[in-house]
There are 2 protein chains.
Amino acid sequence: MGKAVARPVDLERHAARRLQIIDAGLTVFSERGYDGATTARICQQAGIGSGTFFHYFATKADLLVAILELGTDEVRERAAGLADRTDPVGVLLELVGSTAEDAADPRIPGFVRAVAGVMDEPRIAEALAVDDAAQRDVLRQWVERGQSAGEVRTDVPAERIVSWLLLLTGGFLERVAVDERFDPTVENGLLVATARNLLRGG
Amino acid sequence: MGKAVARPVDLERHAARRLQIIDAGLTVFSERGYDGATTARICQQAGIGSGTFFHYFATKADLLVAILELGTDEVRERAAGLADRTDPVGVLLELVGSTAEDAADPRIPGFVRAVAGVMDEPRIAEALAVDDAAQRDVLRQWVERGQSAGEVRTDVPAERIVSWLLLLTGGFLERVAVDERFDPTVENGLLVATARNLLRGG
DNA sequence: GAGTTCTTGGAGCGGTTGCTCGGATAATGG
DNA sequence: CCATTATCCGAGCAACCGCTCCAAGAACTC
């Protein structure tokens, strides 16, 4: 039945090439937008031929989905690392502040801006929705703990507070992408302060 | 020299058709994104042939620029209507609040999201920059007056406060576009309250 | 009505793009 | 060393899209 496998798949090699292409995709998407990022240019950036590209990703949309999923994984890992903390507000401010750190890599804000307007594939919309849900899950958990501990306002339901935290981080990333003089490392302080005011209320 | 004009241009008719196409463009751009909005579909939405489209706009990019310029005009008109007010903070909060009202038309947040990632034409980038500058001009003027009157914090320069007001409105529009449960009319209050906290400082 | 210009539609062209395909090469097992 | 399969490339294909072009009709002046 099973034929002899003359050359098995080297999983490490495979994953490395994948990451190489993902990195190139992140770069080109962020500076040209989704449609502006032609597969030819992505291949050029990655230093590969188009045949190789489609050997690793069946579709250009698949590459984008893979990038988004990588980001979602990162969110979950970050959440796991904070699991045993006992200061809800501190955790929330740390999570919010980490957005500002992400924005230090200029590709990140550019990428989210470029990807925001992609409506082509429903699979992309779903990946975006999953990422949003992952962030919401993490934040809601800590907001609710904060409310139980009396550290976070209770006149606004947790879900809405979560939306507002995402509003702040989303607006922050947009500003970094659009306005060159908006320095994320400088504005980090105001971001955390605004979030603290939001959580406290009044 | 001048030949007899057998049929003069009906400016009213021309402007009306223009607006009709602009309206269709706004709709299709907002639901499909810039590249996803094919000229064929815009024509279909407007109920015209492609020949007619390019009779009014030399280029698809020109249509987008026209829409953006219309928005910029609106910003300036709104600013002119508030010129003789004497309460800077009240004016600023009203300007911020008007964003929430704009978001009531679901095409507006969809449009800004769709257009955010367009890097093709430098003319589009310029139109976006002009719009941003127009908003900044209006806001900065009132922020500075508020600072002089002691109603607005002075520990952060006016330019940065303006950036943060735009961060709030930008994030607000993004949330409306992304999250169906984020109701702009409900969240209007928190938007104004957050802006007030930001202006007051502490 | 004649003459002229404005207006409109849609077939189709040129260029671009995502993706396919077949062959060449490299790597591994026997 | 041979067989086999993964890996890689890039020429080229099919589809699509922005835009052109031209002909037909409408609207206006004289």
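Note that the structure is predicted; figures quoted are calculated from it, not measured. Protein chains get the first letters and strands the later ones, always in sequence-line order, with residue 1 at the start of each.
Each of A:D23, A:L26, A:T27, A:I21 was scored for a side chain to side chain contact (heavy atoms under 4.5 Å, CB included) with A:Q45, with one residue passing: A:T27.
Note: CD1 (B:I42) to P (C:dG9) measures 15 Å, nearest angstrom. One interatomic measurement links the two molecules: CD of B:E12 to P of D:dA27, which rounds to 15 Å at whole-angstrom precision. Remark: P of D:dT5 and CG of A:D10 are 18 Å apart, rounded to the nearest angstrom. When the C1' atom of C:dT28 is taken as reference, atom CG of A:L11 falls 15 Å away, rounded to whole Å. The CG-P distance, from A:D35 to D:dC17, rounds to 11 Å in whole Å. One atom, CG of A:D62, and another, C1' of C:dG18, lie 13 Å apart when rounded to the nearest Å. One interatomic measurement links the two molecules: CZ of A:R18 to P of D:dC8, which rounds to 14 Å at whole-angstrom precision. The CZ atom of A:F57 sits 15 Å away from the C1' atom of D:dT7 (whole-angstrom rounding).
Contact annotation: the side chain of A:E174 never approaches that of B:E174 to less than 4.5 Å [non-hydrogen atoms, C-beta and beyond]. Residues B:Y56 and B:D62 fail the side-chain proximity criterion, which asks for heavy atoms closer than 4.5 Å.
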Exercise for review: Quick one, give me the B/S/- string for nucleotides 19-24 of chain D, reading 5' to 3', where B means a protein heavy atom under 4.0 Å from the base and S means that only happens at the primed atoms, P, OP1 or OP2.
Suggested key: BB----
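Taking B:E187 as the reference, A:R160, A:W164 meet the side-chain hydrogen bond (donor to acceptor under 3.5 Å, both in side chains) condition, with sequence neighbours excluded.
At C:dT7, none of the side-chain N or O atoms of B:Y56 fall inside 4.0 Å of OP1 or OP2 (strictly under the cut-off). Applying the 4.0 Å criterion to OP1 and OP2 of C:dT8, one finds that B:H55 has every side-chain N and O outside that range.
Between B:E151 and B:R145, none of the side-chain N atoms (NZ, or NE/NH1/NH2) sits under 4.0 Å from a carboxylate O, so this pair counts as no salt bridge. Contact check on B:K60 versus B:D120 returns no salt bridge, with no Lys/Arg side-chain nitrogen under 4.0 Å from an Asp/Glu carboxylate oxygen.
Closest approach of A:L198 to B:L190, counting heavy atoms only: CD1-CD2, 4.3 Å.
Within the 4.0 angstrom heavy-atom criterion, only backbone atoms of the sugar-phosphate kind lie near A:R17; the bases stay farther away.
For the pair B:I48 and A:T38, both in contact range of DNA chain C, the more 5′-proximal nearest nucleotide belongs to B:I48.
With hydrogens and angles left out, the side chain of A:R7 and the base of C:dA27 share no donor-acceptor pair within 3.5 Å.
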